[in-house]
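All values below come from the heavy atoms of this structure, side chains included, with hydrogens, waters and symmetry mates left out. Throughout, protein chains are lettered first and strands after them, A, B, ... in sequence-line order, and every chain is numbered starting at 1.
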Protein chains: 2
Amino acid sequence: MNLKQLATHLGLSQTTVSRALNGYPEVNRDTRERVQRAASEHGYSPNRRARSLATGRSMAIGHVIPLRTQHEMMNPVFADFIAGAGETYSRNGYDLILSVVGPRDEEAVYSELFSKGAVDGVIVHGPRAGDNRIEMLNRIGLPFVVHGRASDTPGPYSWLDINNRRAFDRATGYLIDLGHRRIALLNGLEDMDFAQRRRQGFLDAHQRRGIEPDTALMCSGEMTEMYGYEALRPLLASSERPTALLCSSMISAVGARRAIHEAGLELARDISLITHDDDLSYLRNGSNVPMFTATKSSVREAGRTCAEMILRSLSSPDLPLQTTMLEAEFVLGQSTGPAPASL
Amino acid sequence: MNLKQLATHLGLSQTTVSRALNGYPEVNRDTRERVQRAASEHGYSPNRRARSLATGRSMAIGHVIPLRTQHEMMNPVFADFIAGAGETYSRNGYDLILSVVGPRDEEAVYSELFSKGAVDGVIVHGPRAGDNRIEMLNRIGLPFVVHGRASDTPGPYSWLDINNRRAFDRATGYLIDLGHRRIALLNGLEDMDFAQRRRQGFLDAHQRRGIEPDTALMCSGEMTEMYGYEALRPLLASSERPTALLCSSMISAVGARRAIHEAGLELARDISLITHDDDLSYLRNGSNVPMFTATKSSVREAGRTCAEMILRSLSSPDLPLQTTMLEAEFVLGQSTGPAPASL
DNA sequence: ATATGTATCCAAAGCGCTTTGATGGTTGAT
DNA sequence: ATCAACCATCAAAGCGCTTTGGATACATAT
C-alpha cells in the first residue's frame, strides 16, 4: 500500500493524505481522523527512501567503527554505547547505520555516507590525538558529535567526554595517600585521546605530591583480558613489584586479577587495584559491594546522550556547538588497601 | 555534484553517464573512461536514496537487537557478530542498519523496516524456541537469515548455527570420562534456543552413560560475569559440591573462576571447568595454552558467513534455502582434570 | 453587491536516480 | 541503392513521497 493507493481509496488527493498524516493544520479534523484510521487499517507507512528523497533528510545517523587491522578487536564498550544511542534513535524515528571499516577507508566512508545522502549526521568513535577526521567532517559539512575529544584539533566541535584526566588523577592520588609508591598503569592504547588524558592524570597526581612515577610500570595496549594478564605478569615477577595498579578497563582488570591470583597475591592486602568501569551490562562491578575500587561512568548513558546531542543539533542547526563533560564517580570497592609494610 | 550536473558538464545525457558508471555494455569505451575520470575528479557518487527509489532495492541489511527490558544487557557477543557481518557488508557495498528495540515492538520493527523499504533483508538474532518472528517474516516476505535456530517453527527457513547439542554432549562426556559425577551447568537463558540445545546435549551425555544428572546443579541465566559468580557460589558452599562445571560463555566462566578462587579451590585440581568460547576478540582464551578447556566457535566468523548467506539469497532469490551447521572445536585447556578422589 | 478572509482541498513540480523505448549514424550484405 | 543489423546515445517516464502555489467554497466585512 502506497500513498497513491491510499489516496484513491479514500477519494482524496495525495497532498491531503500526506498532510493529514504529517500533522499539518490545513486539514479538516474529520478528514484527518478518517485518513489516520484508514492508514493504520491498511498498515500504511510511508516509504522511507521516497520521503528521504523528497525532504532531503535521511533520518539516519552513521556510526563508523574503525578496526585497525582485519583481525583486530571490536571494542566491547562500543556495544553498550550503541545500545544506548540506539534507544534514543528509535524513540525519535531515526535509524542507526553502522559501518565497520579498516582505518585506510575511514575518511572515505564518512564522505561517502554524506555525499550518498545515507545519513544526516555521524558519531565519531575512538578519537586519536590530533584526529584528522574532525577537521575533515567540518570541511565537508557533515554534522557530527565526537565521543571523546581530540587534542590538537584546530577549531571547535561538539563532543561528549568523561573527565579522564581528573578521574585518574583522583584514583592515583587515593593510592598514593594510602602509602603506595610503586604504582603500575595499564593504560589503553596511548595514541587514543582518552588514554593520553588518563596518563596525564596519573602523572599529575604523582607530580603534585612530589613523587617520581616509575615509567617501567607504565604500559599501553588494547584493553583485552589477555593484555591485563600479560602486561602485569612480568611486573609482579620483578623484585621491585608494584604495590598498586591502575587499569583502564574492567576487562583488562579481570586479566590483571588473574595474574595477581596466579602470583599468589591477594587483592587489597598485597596489591591494590583501581580500574575504570564503563558500567558494561555484562560485566558489572559487583552487586552490593563493588569488587573493584573504580572510576565509574556509564558508557551506555554516554551513548544515549551523544545521540540526543546529534539529534538536537540536527533539529536546530543554529544552536551553538554543545559539549558535555561527565565526571566519573569514584567508587570504593574491595580491591584497595594500604600499601603492604614489607615492601 | 549530482548526475544531472555531471552529465551537462560532460555534454552527455544522464542516461549515458549512469550507464557508463554502472558498467552497462552499450557505452563506448572512450566515453566510459572519460565519464569515470570526471566522476572521480568531482567526487561524484550517486545518491543512495534516489538510487534506492529507482531500483527498489535499498542496499541495506537490518539487524534487530532485542532488549528484554530497558536496562537489560546488550549481549556482548553481538558486537563481534556484527563486526564480522559488517566486514562482509562493506566489501559488498551494503549498509548495516541496527535497531535496538524492546521486545514488544520487535515484530512491528521488522515489518516497518520492510514496508518503509529501509532494508532488503534482515538477520534474526537470538531466536527463542518456537520464535514467532520467523513465521512472521515468511508471511510478509522479507528475506532473512536466522543466527541460530528455533525449534517448533513450522516450515523451512535459512539459518546458521553451531551444533550446540553435540558440543555440550562431547564436553559433558569428557568430564564424565574423567570420573566426574556431580557436574554443574551454568547455562544461558533457557528460553533461548541455543541454551535448550546445550541443555539437551548435557542431558544426553549423562543418559548415554546411565548417569543421573543432578538438577540442583543446573542453572539458567543471562551470561554475565556476575551470573557466573553468583550462580556458582552457593553450589560450591554445599556439602555435595560439584566437581566439574560447564559454562555457556567465557564471560560467566570468568565469574565462575572468581567464585572458585574465593572458595579456596583450584581449577583443574579441585574442580574442572569447560566453557563455550565464542572467540571474542577482547576475551581470548589464552595465547599459547588455552586457560579453559572449551568448545570453541568464532562468532565473528559466524557473522561474516551469515552476511554472505543473506547477500547470496538476495542476489539469487530462487536459490533453495541455505542452512549452515558449524561444529564447535573441542579445545583442551588448563581448567580440567580427573575428579578429585576425596569427593 | 463587492471585496476580503479563511478553511479545505488539489494538481503538479520536484527530489536524483535507473530504465524503457526510441533515434540517428555506420557498417556490411543484398 | 536498399535493407538489416548493429552501435552509441538520448528523451522521458517512473520510483513514492513532500511541498509549492493555486483553486474552490463559504463566511464576514465594506
Side-chain angles (χ1 to χ4, degrees), chain A residues 1-36 38-39 42-60 93 95 111-120 314-315, chain B residues 1-36 38-39 42-60 93 95 112-120 315:
Chain A
M1 172 70 75
N2 61 20
L3 181 63
K4 192 173 179 178
Q5 293 169 332
L6 185 62
T8 48
H9 172 256
L10 281 164
L12 289 170
S13 74
Q14 298 189 38
T15 309
T16 305
V17 175
S18 171
R19 307 204 115 147
L21 293 174
N22 290 320
Y24 281 70
E26 57 260 83
V27 169
N28 190 344
R29 194 171 151 167
D30 295 351
T31 314
R32 184 191 305 279
E33 278 170 8
R34 200 162 61 92
V35 170
Q36 285 172 337
H42 294 77
Y44 168 77
S45 65
N47 182 306
R48 256 210 197 179
R49 304 183 291 230
R51 165 181 273 180
S52 277
L53 190 55
T55 58
R57 309 179 50 192
S58 59
M59 300 298 284
D95 281 340
S111 66
E112 260 191 39
L113 279 178
F114 181 55
S115 69
K116 289 185 173 177
V119 300
D120 295 330
L314 288 177
S315 64
Chain B
M1 172 71 74
N2 61 23
L3 181 64
K4 193 172 178 179
Q5 293 168 333
L6 186 61
T8 48
H9 172 257
L10 282 164
L12 289 169
S13 73
Q14 297 190 39
T15 310
T16 304
V17 175
S18 171
R19 306 203 118 148
L21 293 174
N22 290 321
Y24 282 70
E26 59 261 83
V27 170
N28 190 343
R29 196 171 151 166
D30 295 351
T31 314
R32 186 191 304 280
E33 278 169 9
R34 199 161 62 92
V35 171
Q36 285 171 336
H42 294 78
Y44 168 77
S45 64
N47 182 306
R48 238 188 218 199
R49 303 182 294 229
R51 165 181 272 178
S52 278
L53 189 56
T55 58
R57 307 178 52 192
S58 59
M59 300 298 284
D95 280 339
E112 261 191 38
L113 278 178
F114 182 54
S115 69
K116 289 184 174 178
V119 301
D120 295 330
S315 65

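Between the side chain of B:Ser18 and the backbone N or O of B:Gln14, no donor-acceptor pair lies under 3.5 Å. In this structure, the side chain of A:Arg32 engages the main chain of A:Ala20 through a donor-acceptor pair within 3.5 Å. At least one donor-acceptor pair closer than 3.5 Å links the side chain of B:Arg49 to the backbone N or O of A:Gly117.
For B:Thr31 against D:dA8, a side-chain-to-base donor-acceptor contact under 3.5 Å is absent. Not a single donor-acceptor contact under 3.5 angstrom links the side-chain atoms of A:Thr15 to the base of D:dT18.
Residue A:Thr55 is classed as a sugar-phosphate contact, given heavy-atom separations below 4.0 Å to backbone atoms only. Using a 4.0 Å heavy-atom cutoff across all strands shown, A:Arg48 reaches no nucleic acid atom at all. Counting any heavy atom pair closer than 4.0 Å across all strands shown, A:Arg49 reaches no nucleic acid atom.
Regarding contacts with the backbone of C:dC10, a side-chain N or O of A:Ser13 is found under 4.0 angstrom from either OP1 or OP2. Phosphate proximity of D:dC10 to B:Thr16: present, with a side-chain N or O under 4.0 Å from OP1 or OP2. One finds no side-chain N or O of B:Tyr24 lying less than 4.0 angstrom from the OP1 or OP2 phosphate oxygen of C:dT18.
B:Lys116 has its NZ atom 21 Å from the P atom of D:dC15, to the nearest Å. Between the CG atom of B:Leu21 and the C1' atom of C:dG16 there is a distance of 14 Å, given to the nearest Å. Following rounding to the nearest Å, A:Arg19 (CZ) and D:dC17 (P) show an atom-to-atom distance of 16 Å. Atom-to-atom, CD of A:Gln14 to P of D:dC15 comes out at 11 Å; the value is rounded to the nearest Å. The CG-P distance, from B:Asn47 to C:dG14, rounds to 18 Å in whole Å. Here C:dA11 presents its C1' atom at 14 Å from CG of A:Leu3, a figure rounded to the nearest Å. Rounded to an integer number of Å, the gap from CG of A:Leu53 to P of C:dG14 is 14 Å. Going from atom CG of A:Leu6 over to atom P of C:dC10 covers 13 Å, rounded to whole Å.
Comparing B:Pro25 and A:Glu26, the nucleotide of DNA chain D nearest to each residue sits closer to the 5' end for B:Pro25. Residues A:Ser18 and B:Asn28 each lie close to DNA chain D; by heavy-atom proximity, the contact nearer the 5' end of the strand is made by B:Asn28.
Candidate nucleotides D:dG14, D:dC10, C:dC9 were compared by shortest atom distance to the side chain of B:Leu12, and D:dC10 ranks first.
Contact of the A:Leu10 side chain with the A:Val35 side chain is registered, since non-hydrogen atoms from C-beta on lie closer than 4.5 Å.
To the nearest 0.5 angstrom, A:Leu21 atom CG is 7.5 Å from A:Leu3 atom CG.
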